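Positions are given from 1 along the sequence. Just so we're clear, the structure is a prediction, and the values are computed from it rather than from any experiment.
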Amino acid sequence: MSDLLNIPVRQPNKLVTQHNNLINSYFDIPTVQLRAFIYALGHIHKDDKELTHVKIPIDALYASKGGKNFKQVAKLATELQEIKFKVESQSPDKTGKMKRTYLSMVIFPTVSYTQDSRFIITKINNDLAPYLLDLKGNYTQAELEQLLSLKTIQAYRIYMFIKQGLFKDKPTTIKYKQLRLMLGLDLELNEDEAKRAGLPEGDRIKVIKYPLFAEFKRRILDTAKEELLDTDMAFDYKINKKGRNADSITFYLVKTINVLPSAAPEMLQANPKTLQHNLFSSPTPVIGTDKVTANAVRIMRDKYAFSEVQIQKYIQQLPPLVITKANNWFSTNKATLTFTSEAEWFAKHLDNKIEKNKG
């Protein structure tokens, strides 16, 4: 235990990399436990040969930043050890014939916490190493900041599902029944389990959540669509039916741009070519009244008490989503940083991003 306490606190990577079989695996976990998993993924480096222990700041896991007592964190540690992944894939047998394989495992076999510590210490199950280390292909990367900012498991799962399909350069379609299994809303049982569960003969699927499609649509699809609206995976979807029942769902990536401000007559009167250049070619985004911009302004004004001059400077020189992601990253990692003033640190961080863009 003493050796674990001496594990250094490391900055996580900006990118999280996972094998696509892991992205398509079957699981459903609460948001706090999901953040722990994502944060641990962020500490895997591309040259790592084995999975190692990681210190996870407790503040990085909770939306509310109040102190957590020993009993609360001990409960979290127990819950982390109960999370399971169920991974299905295909691999050749001795004759070369492709066979379905099934693997079930816990994510965190051990979790430790010492009273009054700001961290929990854990390690991802070594059995997951083939899905996380030395990946040669069939993997997907996503920004750690973006993933940690997501509030629901359904938004995270759909975000990664759409992300892995981007290379196809076309909408991604998945069977409704398969999506339910992937999200942990249904459970596929073996024959004995199905009998014990009292399922009709030949039926192996046990419904866990949202049996009605209307409820699934509202709780899963529409919730994720709203949450991902301000991300790089903003999407719309189409329900494909067989008869009267949903058969599959097609996800379409939605491209968004900021709108023109209402009080910009000189812009509206500009030459059409100039207007087109300002909208689509200028490195400085057009300031809009959209939700992303409003959120970035609110963060700078309410959380960091920036002056109006500062707010205008950053909103004119950085995309609003970059400001929001920077805030999410700082909120997650500030326990590992050294600073005297949150506002000063954040302003310097944004200034560095502006200078990087100029370079």
Less than 6.0 angstrom separating the ring centers of Tyr159 and Phe251, yes or no? no
Assess Lys86 against Tyr26: is NZ or CZ under 6.0 Å from the centre of the six-membered ring, and within 45 degrees of the ring's axis? no
Check for a donor-acceptor pair, side chain of Thr114 on one end and backbone N or O of Ser117 on the other, with a separation under 3.5 Å. no
Side chain Asn352, main chain His349, donor-acceptor under 3.5 Å: no
Residues passing the salt bridge (charged side-chain N to carboxylate O under 4.0 Å, His left out) test with Lys353, sequence neighbours excluded, are none
Say whether Asp186 and Tyr210, considering side chains only, have a donor N or O and an acceptor N or O under 3.5 Å apart. no
Any chance the side chains of Asn245 and Tyr176 put a donor and an acceptor closer than 3.5 Å? no
Shortest non-hydrogen pair, Pro320 vs Ala296, comes out as O-CB, 3.7 Å
Is it true that the side chains of Asp247 and Asn240 contain a donor and an acceptor less than 3.5 Å apart? no
When you measure from the side chain of Gln81 to the backbone N and O of Pro109, does any donor-acceptor pair fall under 3.5 Å? yes
Using links of under 4.5 Å between side-chain heavy atoms of ILVMFWY residues, direct or through other members, which residues join Leu199 in one cluster? Leu187, Leu189, Ile208
So NZ of Lys151 and CZ of Arg35: to nearest 0.5 Å the spacing works out to 8.0 Å
For Gln164 and Asn24, test the side chains for any donor-to-acceptor distance below 3.5 angstrom and give the result as yes or no. yes
N/O donor-acceptor pair under 3.5 Å between Gln146 side chain and Lys325 backbone: no
Donor-acceptor pair, distance only, cut-off 3.5 Å: does the side chain of Arg180 make one with the backbone of Lys209? yes
Under a 3.5 Å threshold, yes or no: a donor from one side chain and an acceptor from the other, between Asn21 and Tyr139? no
Checking Thr140 against Gln18: is there a side-chain donor and acceptor pair closer than 3.5 Å? no
Keeping the roles fixed (side chain from Glu193, backbone from Asn190), state whether a donor-acceptor pair exists under 3.5 Å. yes
Taking all heavy atoms of Ser25 and all of Leu22, pick out the closest pair and write down the distance. OG-O, 2.6 Å
Ignoring hydrogens and geometry, is there a side-chain-to-backbone donor-acceptor pair from Asp203 to Ile205 under 3.5 Å? yes
Where do Phe346 and Ala326 come nearest, in terms of heavy atoms and distance? CE1-C, 3.6 Å
With sequence neighbours left out, the residues meeting salt bridge (charged side-chain N to carboxylate O under 4.0 Å, His left out) with Lys225 are Asp236
Any Tyr304 side-chain heavy atom under 4.5 Å of Gln310 side chain: no
Just wondering, more than 12 heavy atoms not from Gln11 lying within 6.0 Å of its CD? yes
Treating Tyr314 as the side-chain partner and Ala347 as the backbone partner, does any N or O pair qualify as donor plus acceptor under 3.5 Å? yes
Could you check whether atom NZ of Lys238 has more than 12 heavy atoms from other residues, nucleotides or ligands sitting under 6.0 Å from it? no
Within 45 degrees of the ring normal and closer than 6.0 Å to the centroid, is that where the cationic atom of Arg157 sits relative to Phe27? yes
Contact summary for Lys123 and Leu51, nearest pair of heavy atoms: CD-O, 3.6 Å
Has Glu143 got a side-chain atom pairing as donor or acceptor with Lys14's backbone, closer than 3.5 angstrom? no
Nearest heavy-atom approach of Tyr39 to Pro12 is OH-CD, 4.1 Å
So, Thr223 side chain and Arg218 main chain: donor-acceptor pair closer than 3.5 Å or not? yes
What do you reckon, are the aromatic ring centroids of Tyr131 and Phe85 less than 6.0 Å apart? no
Here the pair of heavy atoms bringing Asp28 nearest to Gly184 is CB-CA, 4.0 Å
Just by distance, with hydrogens left out, do Asp230 and Thr324 show a side-chain donor and acceptor under 3.5 Å apart? no
